[in-house]
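Letters A, B, ... are given to chains in the order of the sequence lines, protein chains preceding strands, and every chain is numbered from 1.
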There are 2 protein chains.
Amino acid sequence: MSHLAKKGCRNTRNLDESARKVILKKRLASLCKQAEELSILCDIKVGMVAFTPGETKAFSWPCLTQTNATINEYLACDEAKQQIKLFTQETYLQRKVDAREKYIGKIEQTAKEKEMENLFNQLAWGKSIQELDARETKGLLKLFEAKQTKLNERKTKLNEHVDENVLNQNGVNDSNAGEENDGNP
Amino acid sequence: MSHLAKKGCRNTRNLDESARKVILKKRLASLCKQAEELSILCDIKVGMVAFTPGETKAFSWPCLTQTNATINEYLACDEAKQQIKLFTQETYLQRKVDAREKYIGKIEQTAKEKEMENLFNQLAWGKSIQELDARETKGLLKLFEAKQTKLNERKTKLNEHVDENVLNQNGVNDSNAGEENDGNP
DNA sequence: GAGACTATACTTAGTAC
DNA sequence: GGTACTAAGTATAGTCT
């Protein structure tokens with residue numbers, strides 16, 4: 001027995017990894033013990049999380065599942081709710097939301113386009129232009145515009161050599177729409 | 001001074017609310033002190049959450065924002081990740097994901113329907129049935145089916161009094177589709 | 001309510017098994 | 001690596017200001 005170190009001192013100068021591991025285990029245990037005592041004594045919920053950054057395994061108290069439940073309850077608290085937005089930006093759940101949100105934007109656009117193309121076709125089939133509401137009209141105008149732009153690009157490319165024959169062969173739908181169909185068929 | 005109670009004893013028999021509040025504060029402080037000491041000594045991250053169920057304000061350590069960050073990191077750990085699915089089912093973020101997922105399902109269906117209606121109209125406009133792929137063909141068949149069902153319902157309602165005149169007046173689109181357009185126009 | 005005090009009980013680092 | 005021990009150090013309930 002070396003009498004160089006005093007017993008019970010909280011010096012902890014020698015920080016070799018193995019010793020630190022022992023200390024960690026001991027104190028973590030007593031920390032949890034105190035937490036449990038307090039939670040029983042004062043009838044509160046306590047959750048604890050501890051981990052060394054970089055490691056995949058995390059320590060949690062009272063246990064993984066219960067700590068998660070406690071954390072969820074905690075996150076549901078008003079105060080936490082206001083803050084959580086700022087700090088969950090990078091969690092996998094938030095990323096999931098973001099990704100889905102992006103997808104929704106895309107698919108909504110697609111649906112809108114399809115609806116307009118649809119209306120466009122229905123117009124040709126006999127649906128009266130009087131039946132369209134403001135949104136539909138706006139969308140259709142946009143579609144007309146797009147089709148016209150496309151057509152104009154094509155015209156420029158063909159550089160004045162476009163005649164009715166070419167239009168009839170390659171662009172039945174487009175040419176019908178953009179220029180001649182101002183009213184009902 | 002009443003000498004009935006010993007100093008420093010952890011009996012805590014008298015649990016009147018005000019005394020308990022004092023105890024809670026004291027011990028919570030020391031608990032955090034120990035947690036901090038440990039986190040520095042062993043270079044680990046510690047997060048703590050404590051609250052009385054039912055109250056809106058939660059206690060957290062080291063502070064609300066940092067605890068949230070720690071919890072997020074903790075949730076990102078592999079071990080927690082596997083479990084979290086089961087226990088975040090009811091959190092607002094998961095609910096958000098669920099709601100969006102539901103919406104996506106709905107809008108995807110809408111888009112698909114619109115696309116099919118579109119194809120249907122395009123067919124009438126001259127697109128060859130040879131150009132359709134398997135998915136489109138399947139979707140169109142479904143659309144035809146739906147339209148035919150709708151038509152049959154109408155027919156039943158009118159109960160044998162339906163003649164060509166009525167069809168021409170009320171159901172131009174539907175009647176054209178469901179029965180006569182088996183090939184190209 | 002919030003500090004300061006204090007006797008008592010508890011925790012802890014180091015050590016030995 | 002785990003348990004048991006112990007001296008030194010710390011936390012705590014009660015009390016007073």
Protein-nucleotide distance (B:Glu37, atom CD; C:dA13, atom C1'), rounded to Å: 12 Å
Shortest non-hydrogen contact between A:Phe51 and A:Phe59, atoms and distance: CB-N, 4.5 Å
Angle by which the axis turns from one end of the helix from C:dA2-D:dT17 to C:dC17-D:dG2 to the other, five pairs per end, to 10 degrees: 30°
Atom pair distance, as rounded to whole Å: CZ in B:Arg27 and C1' in D:dA13: 10 Å
Cluster check B:Val22, B:Leu28: I/L/V/M/F/W/Y, side chain < 4.5 angstrom: no
Interatomic distance, B:Gln34 CD vs D:dA11 P [rounded to whole Å]: 6 Å
Nucleotide of C:dT11, D:dA11, D:dA13 approaching B:Ser30 most closely (side-chain heavy atoms): D:dA11
Approximate separation, where rounding is to 0.5 Å, of A:Ile107 CD1 and B:Ile107 CD1: 6.0 Å
Interatomic distance, A:Arg27 atom CZ to B:Gln34 atom CD [nearest 0.5 angstrom]: 7.0 Å
Separation of D:dG14 C1' from B:Arg20 CZ (nearest whole Å): 18 Å
A:Ser30: side-chain hydrogen bond (donor to acceptor under 3.5 Å, both in side chains) partners, not counting sequence neighbours: none
All pairs passing salt bridge (charged side-chain N to carboxylate O under 4.0 Å, His left out) where residues 101-115 of chain B contributes a residue, at least two apart: A:Arg100-B:Glu101, B:Glu115-B:Arg135
Provide a list of protein-nucleic acid N or O atom pairs under 3.5 angstrom, restricted to nucleotides 1-3 of chain D.
{"unit_1": "D:dG2", "atom_1": "OP2", "unit_2": "A:Lys25", "atom_2": "NZ", "d": "2.3"}

Return the polar atom pairs (N/O with N/O) between nucleotides 4-8 of chain C and the protein under 3.5 Å, or none.
{"unit_1": "C:dT6", "atom_1": "O4'", "unit_2": "B:Lys7", "atom_2": "NZ", "d": "3.4"}
{"unit_1": "C:dT8", "atom_1": "O4'", "unit_2": "B:Lys7", "atom_2": "O", "d": "3.1"}

Atom-to-atom span, CG of A:Leu24 to P of C:dA13 - whole angstrom: 11 Å
For atom NZ of B:Lys33 and atom C1' of C:dC10, their distance in whole Å: 14 Å
Integer-rounded Å distance: D:dA11 C1' and A:Leu38 CG: 13 Å
Atom-pair distance (CG on B:Leu28; P on D:dA11), nearest Å: 15 Å
Rounded distance (nearest 0.5 Å) linking atom CD1 of A:Ile23 with atom NZ of A:Lys21: 14.0 Å
Joint hydrophobic cluster, A:Leu31 plus B:Leu24, side-chain heavy atoms closer than 4.5 Å: yes
Can you give the donor-acceptor pairs under 3.5 Å from side chains of residues 39-50 of chain A to other protein atoms, not counting sequence neighbours?
{"unit_1": "A:Ser39", "atom_1": "OG", "unit_2": "A:Glu36", "atom_2": "O", "d": "2.8"}
{"unit_1": "A:Lys45", "atom_1": "NZ", "unit_2": "A:Glu73", "atom_2": "OE1", "d": "2.6"}

